[in-house]
Structure formats: C-alpha cells, structure tokens
Amino acid sequence: MRCVALAGREVMAWVPVESAVEELMPRLLPVEPCDLTECFDPSVPPRTPQEYLRRVQLEAAQCPDVVVAQIDPKKLKRRQTVNVSLSGCQPAPEGYSPTLQWQQQQVAQFSAIRQSVNKHRSHWKSQQLDSNVIMPKSEDEDGWKKFCLGERLCSEGIVGPATNESPGIDYVQATVTSVLEYLSNWFGERDFTPELGRWLYALLACLEKPLLPEAHSLIRQLARRCSEVRLLVDSKDDERVPALNLLICLVSRYFDQRDLADEPS
C-alpha cells in the first residue's frame, strides 16, 4: 500500500510493487510480457527472440531486491586503510636546521639523479638479474627488509653490514611503493641507519610524479619520522643529522610538501 496524491488530497491506495519499482527505475527498453505456448521450457536454451526475452524476465523476477556480498576478511590486502596525518614535522633543534642554499643544492642534485633514472629506466628493465640475486615477492615485507638492509636483523633494530653485492634501484622499480612502505614501517619503530638512508633515497628517486595517494602519505610519514628521530640526536655533528635533513628536504621541497620544510638556519 502506498500514499497517492489525488486532486490535492492524499489517499491510501494499493499500488503493485512492480509499478513502484518502475517509477524509481524506469525500463530502458520496455518489453511487454511474451505470449508463449505452454510447451515453453525455461531450463533449455532459448530458440526464438520471444523465448530469450521471456527467460530474461523470469530471471529478473527471481533476483532479490537487496543483495549482501559475502566477503572473506582474510582475503583482503593488509593495511588497505591509509591514515593521513595533517601534522607537520617537528621543528629542528637550534643549529640542526640546514641553510636554504644547502637545501636548494640537494634538490637540484636529486632532480638530476631522477632524470638519469628515467633516462636509463628502459635499459635497466631489459637487463637480467645476477644469478645470486633472489627477488622477494611484492607482498613479502620481511623478505624485502632483509633484501635491502641485510640478514642480521634483530629485535633491537641492529642492521647487518651492507654487502658489496647490494642490487641497484632498478631491481625494485616494479614495487617501489611497497618497498618504501616496508622500510618506512621498519623506520617507524627503530633508529636511523646509513643502509636505510641509502635505500630511502634510492626509492624516492624512483617515485613517479604525480604521486599516488599511498606514496603521498608514505613520504609525509617518512619526513615526520625523520624530524622525530632528529630531536633525539644529542649532537648536531652526528652523521645522522645531515641524512635526516636531506630526506626532509626532498619530501618537502622536491615533492612540494612545503608545510613540512625546515626553516633555514
């Protein structure tokens, strides 16, 4: 039963459900009910256009008005939700912030490296990996951490020494965003190391612009983490300070996240 307006008055009247549905979703190609013989069997393939249309009508009538998808949460990819924080970087302690000239020089050098990467990208893709290089699968987070930072990983966050056979950045081009996420997660719980810094720099050099939303969130997270670690460094002469400043500089000034930039000293 539906409420129907007649001559300015509202009255209650019985309206077929099919009519109500058609008012909300009008038929694209109206088709009248097909007049078929009693021998029509919907279980066999249609032999005429009328049988085909009648079969479609019968199947549509059996569809429920509301359908709920049965989703297995275990099959969903981990960390689908991207949490975007609007907070900026922690201000640099007195004497830790780089000069504007230094930041401009780093951006110019980084830009030249990115141009070289793009120029030789097709060449690297055609090269075969060394026989002793075994690439982790894209979703293997622990495998990529060991691949990039070394086998000697422990709960304290100590990274084993880098080997002379460390693969080049072209080896991870297909999974740049994923590897950047894995290393950022590692960095979020541990201290900064030279091995980590080299890989983060290389991955930033491989990021293609315009940035995808995931990459945009990751590099901002990286810059904020660098500023947090910098606050814990006791001396401005510590070798970690220029490396942390460099990553903050590239994220803020090259990738146009200006709200994260350091104020020149």
Side-chain angles (χ1 to χ4, degrees), residues 73 75-89 106-107 110-127 129 133-150 153 157 159 162 166-190 192-229 243-244 246-261:
K75 296 182 179 180
L76 296 177
K77 183 181 178 181
R78 294 185 303 165
R79 289 185 292 277
Q80 290 191 93
T81 302
V82 177
N83 297 318
V84 179
S85 174
L86 300 180
S87 61
C89 289
Q106 301 306 318
V107 170
F110 182 71
S111 178
I113 291 176
R114 282 177 58 88
Q115 292 178 10
S116 177
V117 170
N118 290 329
K119 180 179 179 181
H120 298 92
R121 193 184 302 273
S122 59
H123 170 73
W124 287 335
K125 286 182 179 180
S126 64
Q127 301 301 307
L129 295 175
V133 176
I134 301 177
M135 294 285 291
K137 294 182 179 180
S138 178
E139 66 276 8
D140 184 4
E141 180 170 352
D142 290 337
W144 275 110
K145 289 176 181 177
K146 294 178 182 179
F147 184 80
C148 297
L149 304 176
L153 303 179
V159 180
S166 178
I169 56 177
D170 53 308
Y171 290 168
V172 297
Q173 174 56 41
T175 53
V176 170
T177 303
S178 296
V179 178
L180 182 60
E181 178 183 3
Y182 300 153
L183 297 186
S184 297
N185 292 340
W186 168 270
F187 184 33
E189 301 174 355
R190 296 169 177 82
F192 184 83
T193 66
E195 294 84 0
L196 177 64
R198 285 193 288 267
W199 273 98
L200 291 174
Y201 187 96
L203 291 167
L204 290 177
C206 290
L207 278 181
E208 297 182 357
K209 298 176 71 174
L211 296 176
L212 296 175
E214 294 83 357
H216 178 271
S217 176
L218 284 172
I219 64 172
R220 291 183 61 86
Q221 173 187 335
L222 172 62
R224 286 192 294 268
R225 177 57 181 165
C226 287
S227 69
E228 294 170 357
V229 173
L244 294 169
L246 175 59
L247 293 174
I248 297 173
C249 169
L250 298 180
V251 170
S252 61
R253 299 194 179 275
Y254 183 85
F255 291 101
D256 300 321
Q257 308 300 310
R258 297 307 176 97
D259 60 305
L260 304 179

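One-based numbering along the sequence shown.
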Test side chain to side chain contact (heavy atoms under 4.5 Å, CB included) applied to Ile219 and Leu180, step by step: CA-CA 9 Å; Ile219 64 172; Leu180 182 60; 4.1 Å; yes
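- A search for side chain to side chain donor-acceptor pair (under 3.5 Å) contacts involving Gln257 returns His216, Arg220, not counting sequence neighbours.
- Scanning all heavy atoms of the two residues, the minimum distance from Thr177 to Leu218 falls at O-CD1, 3.7 Å.
- The distance from the OH atom of Tyr182 to the CD atom of Glu139 is 6.5 Å, given to the nearest 0.5 Å.
- Summarising the geometry, atom OG belonging to Ser111 is positioned 10.5 Å from atom CG belonging to Leu250; distances are rounded to the nearest 0.5 Å.
- The SG atom of Cys249 sits 12.5 Å away from the CG atom of Leu244 when rounded to the nearest 0.5 Å.
- Every residue meeting the side-chain contact (heavy atoms from CB on, under 4.5 Å) condition with Glu228, not counting sequence neighbours, appears here in chain and number order: Gln90, Arg225.
- Residue-environment remark: NZ (Lys209) exceeds the threshold of 12 foreign heavy atoms within 6.0 Å.
- Residues satisfying the ring-ring contact (aromatic ring centres under 6.0 Å, His included) test with Phe110, not counting sequence neighbours, are Tyr201, Tyr254.
- The two residues Cys206 and Val176 have their closest heavy-atom pair at CB-CG2, 3.8 Å.
- Evaluated for a side chain to side chain contact (heavy atoms under 4.5 Å, CB included) with Cys226, the options Val251, Leu247, Leu260 yield exactly one hit, Leu247.
- Note that the CG atom of Leu200 and the CH2 atom of Trp186 stand 12.5 Å from one another [nearest 0.5 Å].
- Between the CZ atom in Arg190 and the CG atom in Asn185 there is a gap of 10.0 Å [rounded to 0.5 Å].
- Taking the salt bridge (charged side-chain N to carboxylate O under 4.0 Å, His left out) definition, one finds that Arg114 meets it with nothing, sequence neighbours left out.
- Taking CG from Leu222 and CD from Glu181, the interatomic distance works out to 12.5 Å, rounded to the nearest 0.5 Å.
- Under the side-chain contact (heavy atoms from CB on, under 4.5 Å) criterion, Ala243 pairs with Phe192, sequence neighbours left out.
- Asp256 pairs by the side chain to side chain donor-acceptor pair (under 3.5 Å) definition with nothing, not counting sequence neighbours.
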Steps toward side chain to side chain contact (heavy atoms under 4.5 Å, CB included) verdict (Glu208, Val117): CA-CA 11 Å; Glu208 297 182 357; Val117 170; over 6 Å; no
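- Summarising the geometry of Ile248 relative to Ser227, their closest heavy-atom pair is CD1-N, 3.8 Å, with the distance given to 0.1 Å.
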